[in-house]
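Here's the structure we're looking at; comments come further down.
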Amino acid sequence: MSAILKYKWQYIMIMPAVVLLLLFSYVPMAGIQVAFKDFHIGYTIWNSPWTGFENFAFLQDSQFWLVVKNTVYIALLKFVFGFPAPIILALMINEVSHGGYKRFVQSVSYLPHFFSWIVVAYILQSLLTLDNGLVNQLIVSLGGDPVFFLGSTEWFRPMIVASGLWKEVGWNTILYLAAITSIDPQLYEAAKVEGAGRLAQIRHITFPGILPTISIVLILSMPSLIAVGMDQIYPLMNPANQPVADVLDTYILRSGLQQGYFGSATAVGLLSSVISLLLVLSTNQISRRINGEGLW
Amino acid sequence: MKRSTGEKFGQAVITVLLLLLCLTVLYPFVYMLAISLNTGSDAAKGGVYLWPRQFTLSNFHIVLGNKVIQHSYLITILRTIIGTVSGLLVTLLAAFALSYRQMPARRVLLTIVLITMLFSGGLIPFYIQLFNLSLINTFWVYILPSAFSAWNMFVMLKFIQGMPEALIESAEMDGAKPPRVLFSIIIPLSKPMLAALGLFTGVMHWNDWFAGAFFVSDQNLIPVQTFLQQLLSAQDISVVMGSNNSVEALARGSQNLAQVTLMSVKMATVMVSAIPILCVYPFLQRFFVKGVLIGSVKG
């Protein structure tokens, strides 16, 4: 008791955080029971009737499996392009010998990170819109037919991957560039004496030097793999591209908040939370085995 | 050390590629600015690429005269300031408390925080809780749920634990209570870290459109980004023309109004939201980079 009193200030200070976590994290966790209940606004999560697995009927819905496929597809595409790109860019920036130009490239490439995905959607709209978007003006002037990029199922995924790269590739170089600066310059001196060219130096010094950083970033990016970026996708989704654009998060949003199927939307959410939890836990295990320590 | 011709060539290729990257980043803003400063009906004919052909400010007049936009700006500014200050305060208090390693139940409290980073109830139960707390359709839905950040708390905790313990111990010898230690020792030493995390939190608030779109239906409470999101899929310009101070003035003054198109108004609106960021970015950039590096230390 005296120990607790001794730390009374600390308990007072942590109180607001605990209350907020309780209200906005733990009560919603208890709210997961809605997935197994027949919930309507007006009932509380506690007194609505249990329905067992009725809300999981979506598992037999082909629409749901299409959404799963879209989610996995977009996640993989974003990973395959989005993971190596900042590494390559960082290696390229590092090769610039003019300090002023180097800083300029860094400043400019970090910039898009600070704009919302809504602004990105506007940029895409202004460049790609059917009547007189910049790209279609170009296509028409070259004698082609305008393409309806924004409402096309073929162009949706390239658009998501490209705009994702545009927004985040520069920002994601920061960690790699920091790792490169911490490489011992003597290694390069020694390599030069040995007669190694720039390419050999990159392969034998720079790349191995940032390999630990690469593996950490890889591990940390795994858990968010299936969170494919509702923020990015929702503003660009429309009835025309929905067959490829609809992902788990947009599906939950539509069936839950817009159509009022709280139970089944919660069930879909539960499934996706469990999958990302499994991804975190298994990555942590892998990290423990490889690096000797986990993420926490 | 002489460079071989191959290496010089490689250097040149890299310089050009990086220049292209910079152009790809910057050009969309140049293009949108040009369209927004051009009369809409003229821009619709195509051919405006770098600078306006028929210069006008009427698009900006209309956007800035719209009461919903003016109000949404006020909401964005308010939530950014209140959200950032309260977010830093709540999170810092928690991090400071947890930096006392001898505190009873410290591990339990850390675990309580950690669990929320691994698992969440998901959107729908969260929404139901906001509804039960009567936060739907209030300004506080922007502030309260994000006032504590588990991620930022671990960054802060790591930072505070890296401070020399002797400093805190000597202050305690002199009879300083924890609040005094926090305000006269920890906060002054944490300025760069607080600046970086504060900027990230601020940007998060400035850019969030989701809460305004789904947790609020009152148009008097939406932030700029939510307004932009609504305008993105608008089919005509009535959204912007309604309740507008400038429309009448413009209509009286000239025939400008007929030349305003949905696209020109959209571009002006998005520029209005982007210009503040473009203006402050060059000055704040170094804090952001520092912030990433502080955060990258394993929490």
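Side chains included, hydrogens not; waters and symmetry mates left out as well; all remaining heavy atoms used. So that the names make sense, note that chain A is the first sequence line, chain B the second, and so on, each numbered from 1.
The line from CZ of R103(A) to CD of Q285(B) is 10.0 Å long, rounded to the nearest 0.5 Å. With rounding to the nearest 0.5 Å, the separation of CE in M29(A) from OG1 in T116(B) is 6.0 Å. A distance of 8.5 Å separates CZ of F114(A) from CD1 of I277(B), quoted to the nearest 0.5 Å. Here the straight-line distance linking atom CG of L236(A) with atom OG of S233(B) works out to 11.5 Å at 0.5 Å rounding. Taking CE of M92(A) as the start and CD of Q11(B) as the end, the distance is 11.0 Å to the nearest 0.5 Å.
Looking at V34(A), only its side chain comes within 4.5 Å of chain B, counting heavy atoms on both sides. Proximity to chain B is limited to the side chain of V27(A), based on heavy atoms less than 4.5 angstrom apart. Proximity to chain B is absent for every atom of N238(A), based on heavy atoms less than 4.5 angstrom apart. Looking at I128(B), the atoms closer than 4.5 Å to chain A (heavy atoms on both sides) all sit in the side chain, from C-beta outward. The contact between M32(B) and chain A is made entirely by side chain atoms (from C-beta outward), counting heavy-atom distances below 4.5 Å. For L253(A), the parts lying under 4.5 angstrom from a heavy atom of chain B are both the backbone and the side chain. Heavy atoms of Q137(A) lying under 4.5 Å from chain B belong exclusively to its side chain. Residue I93(A) touches chain B through both its backbone and its side chain, counting heavy-atom pairs closer than 4.5 Å. Contacts between M204(B) and chain A at a heavy-atom distance below 4.5 Å are absent for every atom of the residue. Using a 4.5 Å cut-off between heavy atoms, V270(B) touches chain A through its side chain atoms alone. Interface remark: L232(B) contributes backbone and side-chain atoms alike to the contact with chain A (heavy atom separation under 4.5 Å).
Screening residues 255-268 of chain A for side chain to side chain donor-acceptor pair (under 3.5 Å), with sequence neighbours left out, gives Y234(A)-Q258(A).
Side-chain contact between I123(A) and Y31(B): absent, with no pair of heavy atoms (C-beta onward) separated by less than 4.5 Å. Proximity of M263(B) to T129(A): side-chain heavy atoms (C-beta onward) are separated by under 4.5 Å at one or more points. Within the 4.5 Å cutoff, no side-chain heavy atoms of F39(A) are placed close to those of P125(B). Side-chain atoms of F119(B) and I32(A), non-hydrogen and from C-beta on, do get closer than 4.5 Å to each other. When side chains are defined from C-beta on, P179(B) counts as touching M13(A), because their heavy atoms get closer than 4.5 Å. Between S25(A) and S120(B), the closest side-chain pair of non-hydrogen atoms is not below 4.5 Å. Contact annotation: the side chain of F96(B) never approaches that of Q10(A) to less than 4.5 Å [non-hydrogen atoms, C-beta and beyond]. In this structure, L18(B) and L89(A) have side chains that are in contact, with non-hydrogen atoms separated by less than 4.5 Å.
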- request: Determine, stepwise, if the pair L111(A) / L278(B) fulfils side-chain contact (heavy atoms from CB on, under 4.5 Å).
  value: CA-CA 8 Å; L111(A) 176 66; L278(B) 287 169; 3.9 Å; yes
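For the residue pair K266(B) and Q125(A), a side-chain donor N or O sits within less than 3.5 Å of a side-chain acceptor on the partner.
Between chain A and the options P178(B), S273(B), A94(B), the largest number of non-hydrogen pairs under 4.5 Å is found for P178(B). When each of G170(A), A35(A), G133(A), P235(A) is checked for heavy-atom pairs under 4.5 Å with chain B, P235(A) comes out on top. The residue among S141(A), P112(A), S116(A) with the most heavy atom pairs within less than 4.5 Å of chain B is S116(A). For the set I252(A), V105(A), T213(A), L177(A), the entry with the most heavy-atom pairs within less than 4.5 Å of chain B is V105(A). Across F126(B), F214(B), F210(B), Y127(B), the residue that shares the most heavy-atom pairs under 4.5 angstrom with chain A is F214(B). Between chain A and the options I115(B), V48(B), L89(B), L92(B), heavy-atom pairs under 4.5 Å are most frequent for I115(B). Top candidate by heavy-atom pairs under 4.5 Å with chain B, chosen from G31(A), S107(A), A178(A), is S107(A). Note on A265(A), S126(A), S272(A): by heavy-atom pairs under 4.5 Å with chain B, the leading option is S126(A). Contact tally against chain A (heavy-atom pairs below 4.5 Å) for V13(B), L123(B), T269(B), I35(B): the top residue is L123(B). Considering only heavy-atom pairs separated by less than 4.5 Å from chain A, the leading option among C22(B), G10(B), A43(B), S146(B) is C22(B). When each of Y11(A), F104(A), F262(A) is checked for heavy-atom pairs under 4.5 Å with chain B, Y11(A) comes out on top. Put simply, of A147(B), G122(B), A274(B), the one with the most heavy-atom pairs under 4.5 Å next to chain A is A274(B).
Heavy-atom contacts from other residues, nucleotides or ligands closer than 6.0 Å to CD1 of I275(B) number more than 12. Within a 6.0 Å radius of CZ in F9(B), no more than 12 heavy atoms belonging to other residues, nucleotides or ligands are found. The number of heavy-atom neighbours closer than 6.0 Å to CH2 of W9(A), taken from other residues, nucleotides and ligands shown, is 12 or below.
Judged by distance alone, the side chain of N207(B) and the main-chain N or O of W117(A) form no donor-acceptor pair under 3.5 Å. The main-chain N or O of I118(A) is never found under 3.5 Å from a side-chain atom of Q225(B) such that the two would form a donor-acceptor pair. Here the side chain of Y122(A) pairs a donor or acceptor atom with the backbone of L228(B) at under 3.5 angstrom. Checked by atom type and distance alone, the side chain of Y26(A) pairs as donor or acceptor with a backbone atom of I112(B) at under 3.5 Å.
Contacts between residues 14-24 of chain A and chain B, counted as heavy-atom pairs separated by less than 4.5 Å, involve I14(A), P16(A), A17(A), V18(A), L20(A), L21(A), L23(A), F24(A).
Side-chain rings of F29(B) and F115(A) approach one another, their centers coming within less than 6.0 Å.
Between Y100(B) and Y7(A), the ring planes lie perpendicular to each other; the angle is over 60°, past the 30° to 60° tilted range.
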